[in-house]
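See below for the structure under consideration.
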Amino acid sequence: QVELVESGGGSVQAGESLRLSCAASRHIYSITRLCVAWFRQVPGKERERVAVITPSGDATYYVDSVKGRFTAYQDNVEHTVSLQIDTLAPEDTAIYYCAAGLNCERFTIWGQGTQVTVSS
């Protein structure tokens, strides 16, 4: 079955940046042809969708709390979708997941997540 794989997480200090990437575990299609969303989840709290990038990167959407700091984009050569996170803050600490679907209404393919930890 097709799955997504996230990478790029780690432990950083407040104010630093990270770039998360998402790729299909099997090269049977290009993830850049799908709608991809980034979610994050803190233990004990609800999963939150923080960014969406439409097929072919035609448009992006962000939750208010990350606007101006998070940027979703596609790499059509590497067949990945990335999330650039700037000016990280402790409240950004979470497990970050990418998810994909044929459209932006329903996300049916998920990754296992990558941990982002931000210290003050």
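All of these numbers come straight from a predicted model, not from anything done at the bench. By convention here, the first residue in the shown sequence is residue 1.
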Pair Thr60, Thr71 - check side chain to side chain contact (heavy atoms under 4.5 Å, CB included), show working. CA-CA 8 Å; Thr60 54; Thr71 304; over 6 Å; no

What's the separation between atom SG in Cys98 and atom CG in Leu20, rounded to the nearest 0.5 Å? 9.0 Å

Does the side chain to side chain contact (heavy atoms under 4.5 Å, CB included) test come out yes or no for Tyr97 and Glu6, once each step is laid out? CA-CA 7 Å; Tyr97 302 86; Glu6 303 94 340; 3.8 Å; yes

For a quick test of reading the model, state the closest non-hydrogen atom pair linking Tyr62 to Ala51 and the distance between them. CD2-CB, 3.6 Å

Does Gln13 use its side chain to pair, donor to acceptor, with the backbone of Ser119 at less than 3.5 Å? no

Please report the interatomic distance CG(Asp75) to SG(Cys22), rounded to the nearest 0.5 Å. 12.5 Å

To the nearest 0.5 Å, what is the distance between CG (Leu4) and CD1 (Ile109)? 6.0 Å

Supply the atom-to-atom distance Ser11 OG to Gln115 CD, rounded to the nearest 0.5 angstrom. 7.5 Å

Could you check whether any side-chain heavy atom of Tyr96 comes within less than 4.5 Å of a side-chain heavy atom of Ile85, counting everything from C-beta outward? yes

What is the distance from atom CZ of Arg40 to atom CG of Leu83, rounded to the nearest 0.5 Å? 9.5 Å

Distance-only side-chain donor-acceptor flag, Ser17 / Asp86, under 3.5 Å: yes

Does one side chain, of Tyr73 or Arg19, offer a donor that lies under 3.5 Å from an acceptor on the other? yes

Is any side-chain heavy atom of Thr117 closer than 4.5 Å to a side-chain heavy atom of Val12? no

With heavy-atom distances below 4.5 Å as the criterion, would you say the side chains of Val118 and Glu16 are in contact? no

Verdict with reasoning, Arg69 to Asp92, per side chain to side chain contact (heavy atoms under 4.5 Å, CB included): CA-CA 11 Å; Arg69 298 190 300 115; Asp92 295 318; 2.7 Å; yes

Check Glu46 against Gln41 and note the closest heavy-atom contact, atom names and distance. C-NE2, 4.3 Å

So for atom CZ, which belongs to Arg49, do other residues, nucleotides or ligands contribute more than 12 heavy atoms lying within a distance under 6.0 Å? no

Taking the side chain as every heavy atom from C-beta outward, state whether Ile95 and Val42 have any pair of such atoms under 4.5 Å apart. no

Are the side chains of Asn103 and Cys35 in contact, using a 4.5 Å heavy-atom criterion? no

Inter-residue atom distance Leu34.CG - Thr54.OG1, 0.5 Å rounding: 11.5 Å

Within a radius of less than 6.0 Å around CD of Glu91, do more than 12 heavy atoms belonging to other residues, nucleotides or ligands occur? yes

For Val52 and Trp38, what are the C-alpha separation, side-chain angles and deciding distance, and is it a side chain to side chain contact (heavy atoms under 4.5 Å, CB included)? CA-CA 6 Å; Val52 176; Trp38 288 92; over 6 Å; no

Answer yes if the ring centres of Trp110 and Phe39 are under 6.0 angstrom apart, and no otherwise. yes

Honestly curious: do Leu88 and Val50 fall in one hydrophobic cluster under the side-chain, below-4.5 Å linking rule? yes

Whether the side chain of Thr114 engages the backbone of Gly9 through a donor-acceptor N/O pair (distance < 3.5 Å, no angle test) should be reported. yes

Within-4.5 Å side-chain heavy-atom neighbours: Val116 and Thr93: no

Checking side-chain polar atoms at under 3.5 Å, does Ser82 have a donor or acceptor matched by the opposite partner on Ser21? yes

